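Below is one structure; the comments refer to it alone.
In listed order, ligands and their atoms are each counted from 1. These numbers come from the heavy atoms of this one structure, side chains and all, not from hydrogens, waters or symmetry mates. Everything numeric in this text was worked out from a predicted model, so none of it was measured.
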Amino acid sequence: MTISGTVNAHLLIFPYPAQGHMLPLLDLTHQLAARGLTLTVLVTPKNLPFLHPLLSAHPSIEALVFPFPSHPAIPPGVENVKDLPPDSFRAMMRSLGELHGPLTEWFRSHPSPPVAIVSDMFLGWTHRLACELGIRRIVFSPSGAMALSVIYALWRDLPKRKNPDDQNEIISFPNIPSFPKYPWWQLSPVYRRYVEGDPVMEFIKDGLLADVESWGLVVNSFSELEAVYLEHLRQEMGHDRVWAVGPLLPHDDGDSHGPKQRGGSSSVKVEDILSWLDTCEDRKLVYVCFGSQALLPKHVLDQLAFGLEKSGVRFIWSVREPTTAQVENNYGTIPSGFEDRVVGRGLVIRGWAPQVLILRHRAVGAFLTHCGWNSVLEGIVAGVPLLAWPMGADQFANASLLVDEMKVAIRVGEGAQTVPDPEELARVLVESVSENRVERNAAEDLRGAALEAIKEGGRSEREFDSMLRKLATLTLQPNT
Ligand SMILES: O=c1ccn([C@@H]2O[C@H](COP(=O)(O)OP(=O)(O)O[C@H]3O[C@H](CO)[C@@H](O)[C@H](O)[C@H]3O)[C@@H](O)[C@H]2O)c(=O)[nH]1
């Protein structure tokens, strides 16, 4: 049964300011707004522009803008992880915790305050705040259910190595379906830096444990992809308010917004990219991107460039450019002369690419990805095989799901440690766009399942409705 019409509840939406976290939560917010909920979205000033497509599509949404709480590791004027070095998640998580006071004040003076906070998994402290205010907190997970299961197991069980110098020691997760195991170096870098008693690390640990205690969890995933892990999370949380509502699709709203502007303006004119793609054969081009955070070490970037050059395949490569200081720290930039050597068949986009738009084009036949969860879902919706080269965070878990379980991906590399030889990489690139790859059929099937899940009456849509039904029953608790 679907619920029809609008739902009358006020929610506070609180995204974590990293592109891979904010974009899918704003996609969810579009869907909530379309069902008539009253929504307030909390951002700091520099992140307000990311709300513009949402606010212009739904003028009833209110933006709540709080000054960014300063932090010694975050330069003044920077308020989004995309403008920070790759290991800045801890500082950002800690600094946003300072919004507890202003948020409490805002809530207490609001004539009709929200009945629930929907906040990113990295804002676990909002669960305690919600308890103090007598409202509910729903965790938003931009990561998949398998990866989230691993993250929660890490912070609950705090596994340690027998030999603290052994980066390759295997850490097992026997309570998670499929019993995943990873060498130490592939675990979340935030967790690997955990030091008992360190105030920032304890704050982060408390936040992630508070996620598990929260009233609800909404995951950008779908049952056909991760049923066993979603069920595992229901057991971990001790209730069934775990809703898989994905894959969340970007809101299309014409020429100026939607996928063309998703996460920011494209560094190369969108029309130029599309008209070049139009000249390409169907499903023969490889799209290459490592997400909004990762910077590639020089030796990795050079080998990748060499592999692309040798392969002869058509490609678009979206590359995050390092700063001068990062180049001095050995992060790579596009080798000189590379673009001349691949002219006509390779397009390099330095900065920001309209990824979803590119992946939707008929010319794309494979996606070389770091396996950030949004890229994974976008690749699945495009129905193309993935070439998996996880770099960090939850990406090793995502890669094992895609390669070993779903068989829609081919493992190409592992971080900066396992870098394919350019000859080998070139061979895989060529094969990835050939008709005969088994992964191609599996990717098409999974695309079908993803689209089935989000169509009217599909499983994800039903879970979204079930979440709305629960939200519609919420009221402020007596202690407010
Ligand atoms: O040039 C670009 C680069 C990225 N994107 C978009 O930015 C998002 C990137 O998200 P994702 O693919 O998940 O990668 P990260 O930015 O690396 O995301 C972080 O957040 C994800 C969700 O928790 C995790 O799965 C990742 O490991 C973590 O690094 C996607 O929607 C992309 O379409 C663009 O539109 N253009």
For [atom], closest protein heavy-atom neighbour:
atom	result
atom 18 (O) of ligand 1	Gly20 CA, 3.7 Å
atom 7 (O) of ligand 1	Trp352 CH2, 3.5 Å
atom 16 (O) of ligand 1	Ser292 OG, 2.4 Å
atom 12 (O) of ligand 1	Ser375 OG, 2.5 Å
atom 26 (C) of ligand 1	Asp394 OD1, 3.4 Å
atom 29 (O) of ligand 1	Gln395 NE2, 3.3 Å

Q.
For Arg94, is there an ion pair with Glu202 - N to carboxylate O distance below 4.0 angstrom?
A. no

* **Ion pair Asp206/Arg128, N-O distance below 4.0 Å** =>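 No, this pair does not count.
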
Any sub-3.5 Å donor-acceptor pair from Arg447's side-chain atoms to Ala442's backbone N or O?
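Between the backbone of Ala442 and the side chain of Arg447 there is no qualifying donor-acceptor contact (under 3.5 Å).
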
Interfacing atoms of ligand 1 (cut-off 4.0 Å, heavy-atom, [X]):
X	value
His21	20 (O), 23 (O)
Ala393	27 (O)
Ser143	23 (O)
Pro142	22 (C), 23 (O)
Glu378	30 (C), 31 (O), 32 (C), 33 (O)

Q.
Could you work out, for atom 15 (P) of ligand 1, the closest of Gln19, Met391, Lys82, His370 by heavy-atom distance?
A.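 Shortest heavy-atom distance from atom 15 (P) of ligand 1: His370.
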
Notebook entry, point to check: Of Gly263, Cys289, Ala353, Ser318, which has the heavy atom at the shortest distance from atom 35 (O) of ligand 1?
Noted result: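 Of the listed residues, Ala353 has the closest heavy atom.
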
Are [X] and [Y] near enough that their ring centres are under 6.0 Å apart?
X	Y	answer
Phe396	Trp185	yes
Tyr16	Phe140	no
Tyr194	Trp155	yes

Is it the case that Ser318 and Gln355 place a side-chain donor and acceptor less than 3.5 Å from each other?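 Result is no, nothing qualifies.
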
- Task: List the steps and the verdict of ring pair (Phe, Tyr, Trp, His ring centres under 6.0 Å) for Phe315 and Tyr287.
- Result: CA-CA 6 Å; Phe315 65 88; Tyr287 174 63; over 10 Å; no

Under 4.0 Å between heavy atoms, the region of Leu23 that gets near ligand 1 turns out to be side chain

Heavy-atom side-chain proximity of Leu304 to Leu308 below 4.5 angstrom
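SC-SC contact between Leu304 and Leu308 confirmed.
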
